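Predicted model only: the values in this text are computed from it and were never measured. Each chain gets a letter, A, B and so on, in the order its sequence line appears, and its residues count up from 1.
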Protein chains: 2
Amino acid sequence: MKINSTKVAQIAGVSRSTVSRVINNYSNVPSETREKILKIIDELGYIPNTSAQVLAGKKSRTIGLFIYGDNNDKSKILDNGLSFGYYLDFINRVLKEALKLDYQLLVDVINDNNFSKVESLYVNRDIIGGIFIGFKEGDENIQKIIKQHSPIVLVDYLSNPNCENKEVYYINTEDFNGAKEATEHLINLGKKRVIHISGDRCKLSGKEREKGYIEAMKKFGMTPMIYNGNYSDEKATEIIMNLLEKNIEFDGVFCANDNMSYCVNNVLKENGKENIPIIGFDNLRNTIPLGLMSVAPDINNLAKTAVELFQNDKGEKQKVTFIKTTLIKGLKEYIKESYLD
Amino acid sequence: MKINSTKVAQIAGVSRSTVSRVINNYSNVPSETREKILKIIDELGYIPNTSAQVLAGKKSRTIGLFIYGDNNDKSKILDNGLSFGYYLDFINRVLKEALKLDYQLLVDVINDNNFSKVESLYVNRDIIGGIFIGFKEGDENIQKIIKQHSPIVLVDYLSNPNCENKEVYYINTEDFNGAKEATEHLINLGKKRVIHISGDRCKLSGKEREKGYIEAMKKFGMTPMIYNGNYSDEKATEIIMNLLEKNIEFDGVFCANDNMSYCVNNVLKENGKENIPIIGFDNLRNTIPLGLMSVAPDINNLAKTAVELFQNDKGEKQKVTFIKTTLIKGLKEYIKESYLD
DNA sequence: TTGTACGCGTTATCAT
DNA sequence: ATGATAACGCGTACAA
């Protein structure tokens, strides 16, 4: 037996309109009527149909979380990117924060070929807005969304302030500082030839981490040695093998993410280089236990900030937030950071 | 400018029905007409409105994932259960499998007070079905869902076969074998007094793990020593402190989950008991690196199995699946299992 | 093969 | 304060 607002209205002896007003907390319903209807709703176990609500123009409580997968092979990004990488932890944190605030979360992996899904979700009001992560600087589709839809939360994306009246929020990690601290730590360990395997230079984080490394090196009067790893396993492996083959000397490695530091470590260990300290970025679960170090963004705060932006309490548009990082040097700090609170 | 099926139909010079038929892959549309309409759809970037589709009776592509939080404080389960615990990894795996098969995933934490949300989702066809995890054996709400809605996938829930014609699937871990193997490992290490901190006896896993422990002990002619930890941090901590206080001897610990083994380890280390081996269950990220061991369910397979049941290719109803476990003895196996593939 | 017409359940608008 | 009615966009039984 289907229970809808019509049925509730019939029993209450009012019209569907009034029932709707009660459900949506309109002020112009006498408390007597309200109580009566609420009671019936409770007895019947009536719950409004979300699809109908959305179709009729009500705001949804679903937040979209969109992760960029930069190739056409969906299962590849799902395997390599989503499962192994940094996004995984982020999804959890966002989910948690969303649930706390009674939002629902819709997660999807997006590339150039299926970006229309995102637009559809905005247009059909299936989502209240979206959080975007992993997109390259100046990505066409993102630019389009910024212009046409709102609100939008961009994680690790260059802020461009030219979109006056829309709700566009930027959340970035303190990549520069984190990278600088990491590099300095290596130098303070007495290392004289610290190299940097850089990240994707099309992303803000990639550029900033590289800059942080350079800054630290210069501060100590050392010459930066940078190899472009593009955040990828393959590239990092290739680079480090090349260095070994050509006998290029180095005694410390700062990688722009843990994905790469993991690979670098594998190669170095295989070649008997046990004593070269390695620092990555992201604090993935399978680097610290191996004896590597990592720069950990405060991902809890990142997620919380992202979700809370949808409340739009303060009416601020176009806010830019920077998230702090912690240098994880060993298991003790790692375990501590594993707790989400 | 809104684009809907009416617009597409107008431009194509056909009726909305035909457009709908093309979208839903009906066979009775000449390929010529189909091509024409598809082209227009592509040009316009038209995407059907999901809410309207669902409202009009189409099956949704959203799978519900419901996690039981056994108290009323939502943020507590979110913090303690969701973030720290075993569910976290499971959510990720399910998400990944769902995305692979082009499903969407809706995650929510459920307790007795908000269970109506689940019914609503079923009734309103917002979800194609649900995966339920963490619910106690015989849970009233679950029984109700089993009777009234379908399909339903139950993880770690006693199978009750009295629901003839509905799609009810059970997925359990090989708790008995895993527990037995773990206990035997401790015994093979030469331990003479292995205790068990048991799990929630209202859950299948809790009971089976206890049974597995007992079986192993008996096999070696040893007397089981069981303390009911109920899967909880507090209980486990209390138990182990009590044992120390009362000078009850033991030289090995098998805990029914990693949550508890983590706590047990803390207490033992604080009291200078460094050499008592501890094995937990679930392979959480913060136990193995501490030097503990853990029984790891093949959570990838678990998630994959759960999601694939919604395809219902084979038309099997009421299937019971058991998921294998691996005993993780150290970092090497831990790292390996951290990969999702 | 294709079109007509109804129904899905709700919210918003307008009128009273 | 409340009711009637028009959207919202789509699927489908039925008719043609």
| query | Can you list, by residue number, the residues of residues 32-39 of chain B that have a non-hydrogen atom closer than 4.0 angstrom to DNA chain D? | reply | none
| Qualifying residues under side chain to side chain contact (heavy atoms under 4.5 Å, CB included), relative to A/Glu140, sequence neighbours excluded | none
| task | Dump the intermediate steps for side-chain contact (heavy atoms from CB on, under 4.5 Å) on A/Val155 and A/Asn172, then the final yes or no. | result | CA-CA 6 Å; A/Val155 178; A/Asn172 298 314; over 6 Å; no
| request: Identify the 5'-most and 3'-most nucleotides of DNA chain D with at least one atom closer than 4.0 Å to a non-hydrogen atom of chain B. | output: D/dG9 to D/dA13
| task | Kindly express the pairing pattern of DNA chain D in dot-bracket notation, using | wherever a base pairs with another strand and counting only Watson-Crick or G-U pairs under 3.5 Å. | result | ||||||||||||||||
| Rounded to whole angstrom units, what separation is found between the CG atom of A/Leu55 and the P atom of C/dC8? | 14 Å
| message | Taking side chain to side chain contact (heavy atoms under 4.5 Å, CB included) as the definition, give me every residue that meets it alongside A/Ser116, ordered by chain and number, with sequence neighbours left out. | response | B/Ile47
| task | For B/Asn28, answer base if it contacts any base atom (sugar-phosphate contacts may also be present), sugar-phosphate if it contacts only those atoms, and nothing otherwise; contact means non-hydrogen atoms under 4.0 Å. | result | base
| note | Reading nucleotides 11-16 of chain C from 5' to 3' and marking B where a protein heavy atom lies under 4.0 Å of the base, S where only the sugar-phosphate is that close, and - otherwise, the string is BBB---
| task | Tell me, please, which residues at least two apart from B/Phe132 pass ring pair (Phe, Tyr, Trp, His ring centres under 6.0 Å). | result | B/Phe66, B/Phe135
| said: Determine whether a donor-acceptor pair (N or O, by modelled atom type, separation under 3.5 Å) exists between the side chain of B/Tyr157 and the backbone of B/Gly138. | reply: yes
| said: To the nearest 0.5 Å, what is the distance between OG1 on A/Thr305 and NZ on A/Lys319? | reply: 7.5 Å
| field | Closest-nucleotide ordering on DNA chain C, the 5'-leading residue of B/Val14 and B/Asn124 | value | B/Val14
| request: Sequence neighbours left out, what passes side chain to side chain contact (heavy atoms under 4.5 Å, CB included) with B/Asn4? Give chain and number order. | output: B/Thr6, B/Lys7
| Side chain of A/Tyr46, backbone of A/Leu38: donor and acceptor closer than 3.5 Å? | no
What donor-acceptor contacts under 3.5 angstrom involve side-chain atoms of residues 23-37 of chain B, with partners at least two apart or in another chain?
from    : atom 1 : to      : atom 2 : distance (Å)
B/Asn24 : OD1    : B/Lys58 : NZ     : 2.7
B/Asn24 : ND2    : B/Ser20 : O      : 2.9
B/Asn24 : ND2    : B/Ser20 : OG     : 3.4
B/Arg34 : NH1    : B/Val29 : O      : 3.4
B/Arg34 : NH2    : B/Tyr26 : O      : 2.7
B/Lys36 : NZ     : B/Ala12 : O      : 3.4

| request: Only counting residues at least two apart or in another chain, list the ones meeting salt bridge (charged side-chain N to carboxylate O under 4.0 Å, His left out) with B/Lys59. | output: none
| note | Those residues at least two apart in sequence (or on a different chain) that pass side chain to side chain contact (heavy atoms under 4.5 Å, CB included) with A/Leu101 are A/Tyr103, A/Val307, A/Glu308, A/Gln311
| message | Side chains of B/Asp126 and A/Ser51 only: does a donor on one sit below 3.5 Å from an acceptor on the other? | response | yes
| Sequence-distant partners of B/Ser5, side chain to side chain donor-acceptor pair (under 3.5 Å), two or more places apart | none
